[in-house]
Structure formats: C-alpha cells, structure tokens
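Okay, structure first, notes after.
Side chains included, hydrogens not; waters and symmetry mates left out as well; all remaining heavy atoms used. The chains referred to below are lettered A, B, ... by the order of the sequence lines, with proteins before strands, and numbering in each begins at 1.
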Amino acid sequence: NAGVTQTPKFQVLKTGQSMTLQCAQDMNHNSMYWYRQDPGMGLRLIYYSASEGTTDKGEVPNGYNVSRLNKREFSLRLESAAPSQTSVYFCASSPGQGGPSNEKLFFGSGTQLSVL
Amino acid sequence: GENVEQHPSTLSVQEGDSAVIKCTYSDSASNYFPWYKQELGKGPQLIIDIRSNVGEKKDQRIAVTLNKTAKHFSLHITETQPEDSAVYFCAARTGFQKLVFGTGTRLLVSP
C-alpha cells in the first residue's frame, strides 16, 4: 500500500518556467490537499479538493492552479515560477469529504522545488 | 483567524530524558489539536491528537495536555530514544475550518 505518492521528488526551475507537480493516493480518500513548507513558517495550505470534481483556495493560492483529475489524482501547477515559490511541497489526503473539516491527514514525502 | 505559536524551535535532549514542546493558540473556539511528526525526507505523520472536551491523552511514551483557559497545549515525550529525533508540528482547528500549523520544533535525541 503506497499511500500518497508525489512526483517529482526534486525539481529546479528558472524564473518564468512552468511545471506540474503530480500527486496520487491509493487509499480511496475523498479529500486531497496541497501544502507548502517554508523554514520558520510551518505548513500552509495552498489549495484543497473536498471531493472529486471540486477545488477551493487555501491561504496561499496566488501563483498556483490545481486539477482534481479523478478521485486518486490531484495536481498542482505553477504557470510562471517565481523565486518566492522555492519551497517544499506536500500533497495530503484524508478519508472524508469536506476538505479541511477532516481530521487525520496522510502526507506524501514531498517535492523540493527551487526556482532560480 | 487562528494563530498558532510553537516553542521551542529546537530542543536537544539526552536519550532517556523527557521532552516537552508547547503551543499556544489564539481562537478560543478551536476544538481539535493534532501533533504531527516529520522524519528527515518524509512527510508529516499524525502521532496523537486531542479534542477540546479532553484535558489529557496518552499513547505509550507520548502524551498531550490541553489547557483551554490558557489556550495552550503541549506534547510530552518520556524516555526519549534516538528514533524520536524529528521535526514536530502542532496544529489547531476551529470548527470546520482548516488546520493551522505551528512553525515546528526540531527535536534531537543524543545517545
């Protein structure tokens, strides 16, 4: 049972380039999330999907877009990367619908992104 | 909105000692307080949580206490082991709102 799988694990971009971070979960969870982790700032919610077919903004959505491709997959896209988006990105999922009202989050192992 | 402060940012202990990490929250309506452990190169993992109708919860060497009046909650790890070395995050949630995480504590347990 793989849980939450993120790809790639590492990525270096130049300012202005675009890329998509992929996330898939095999636990049949309804809700999925994207967080970013920055030193001294904890984990901040970028976007979430409370159920298949829905997406909503978190606290730091600017510069990002998401797609809930199906129940398993939730991707995060950076259209024009900026140095301020250098961070570690975590995908997570939780069993119930309703997004943030869920309690236990299951995290992937993260994507370390550097934007030069 | 909710704000969560976490202290200390780093904590070094000797194997076998106890470790305590403290968090304070701002919204008195917060009712759910989980703790996550993040090992090097991995994502955070839930280790224990507590709800506002409970003052203390234990799971083997880990315990969490909640003081609603003072709006703070703490993680206690007894008989620490090297494998307890990790970054620990507290979080708080108000009703059906999103989790707000603390800034993390790096715990180092020396043999």
Side-chain angles (χ1 to χ4, degrees), chain A residues 2-10 21 23-25 27 29 31-51 55-61 74 87-112, chain B residues 1-10 21-27 29-54 57 59 64 66 73 75 86-106:
Chain A
V4 179
T5 303
Q6 292 182 234
T7 55
K9 293 189 180 299
F10 302 94
L21 280 62
C23 174
Q25 51 89 11
M27 298 174 283
H29 284 175
S31 297
M32 298 186 73
Y33 315 79
W34 277 103
Y35 284 87
R36 61 178 289 174
Q37 182 179 32
D38 301 292
M41 300 190 75
L43 292 153
R44 293 182 292 169
L45 183 63
I46 304 171
Y47 270 94
Y48 67 94
S49 172
S51 63
T55 61
D56 285 285
K57 296 179 179 179
E59 59 183 302
V60 288
F74 189 39
S87 187
V88 180
Y89 291 85
F90 287 100
C91 178
S93 69
S94 57
Q97 295 187 359
S101 64
N102 277 253
E103 294 187 341
K104 185 173 183 178
L105 299 177
F106 294 78
F107 284 87
S109 57
T111 296
Q112 189 166 327
Chain B
E2 176 66 279
N3 181 52
V4 177
E5 295 188 357
Q6 183 172 348
H7 299 281
S9 57
T10 59
I21 303 170
K22 299 180 179 181
C23 289
T24 60
Y25 59 98
S26 61
D27 190 341
S30 288
N31 57 12
Y32 175 64
F33 309 91
W35 286 88
Y36 282 79
K37 175 183 180 182
Q38 184 179 20
E39 296 177 345
L40 192 62
K42 297 183 179 181
Q45 182 176 12
L46 179 69
I47 55 172
I48 195 167
D49 57 12
I50 192 168
R51 291 168 182 77
S52 57
N53 59 346
V54 176
K57 184 177 180 180
D59 183 2
V64 57
L66 172 66
F73 56 112
L75 178 70
V87 178
Y88 292 81
F89 291 97
C90 64
R93 190 193 71 196
T94 303
F96 292 103
Q97 303 303 311
K98 62 176 176 62
L99 279 175
V100 176
F101 285 87
T103 52
T105 295
R106 183 174 300 278

Looking only at heavy atoms and a cut-off of under 4.5 Å, which of B:E39, B:Q6, B:Q38 has the most pairs with chain A?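 Going by pairs under 4.5 Å, I would pick B:Q38.
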Residues which pass side-chain hydrogen bond (donor to acceptor under 3.5 Å, both in side chains) with B:S26, listed by chain and number, not counting sequence neighbours: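 Expected list: B:E2.
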Need one label for A:Q112: side chain, backbone, both or neither, based on atoms under 4.5 Å from any heavy atom in chain B.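 Neither; nothing under 4.5 Å.
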Engaged part of A:Y35 at the chain B interface, taking heavy atoms whose separation is under 4.5 Å: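 Looking at A:Y35, just its side chain touches chain B.
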Do A:Y33 and A:S94 have side-chain N/O donor and acceptor atoms under 3.5 Å apart?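 Distance-only check passes for A:Y33 and A:S94.
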Does B:Y36 form a ring-ring contact (aromatic ring centres under 6.0 Å, His included) with B:F89? I'd like the steps, not just the answer. CA-CA 5 Å; B:Y36 282 79; B:F89 291 97; 8.4 Å; no
With sequence neighbours left out, what residues match A:K9 under salt bridge (charged side-chain N to carboxylate O under 4.0 Å, His left out)?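 Result, salt bridge (charged side-chain N to carboxylate O under 4.0 Å, His left out) vs A:K9: none returned.
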Under 4.5 Å from any heavy atom of chain A - which part of B:P44: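 Both parts, heavy atoms under 4.5 Å.
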Can you tell me which portion of B:R106 sits under 4.5 Å from chain A's heavy atoms? Options are side chain, backbone, both or neither.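 Neither part; nothing is under 4.5 Å.
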So A:F74 and A:W34, would you call those rings parallel, tilted or perpendicular, with 30° and 60° as cut-offs?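 Ring orientation, 0 to 90° scale: tilted.
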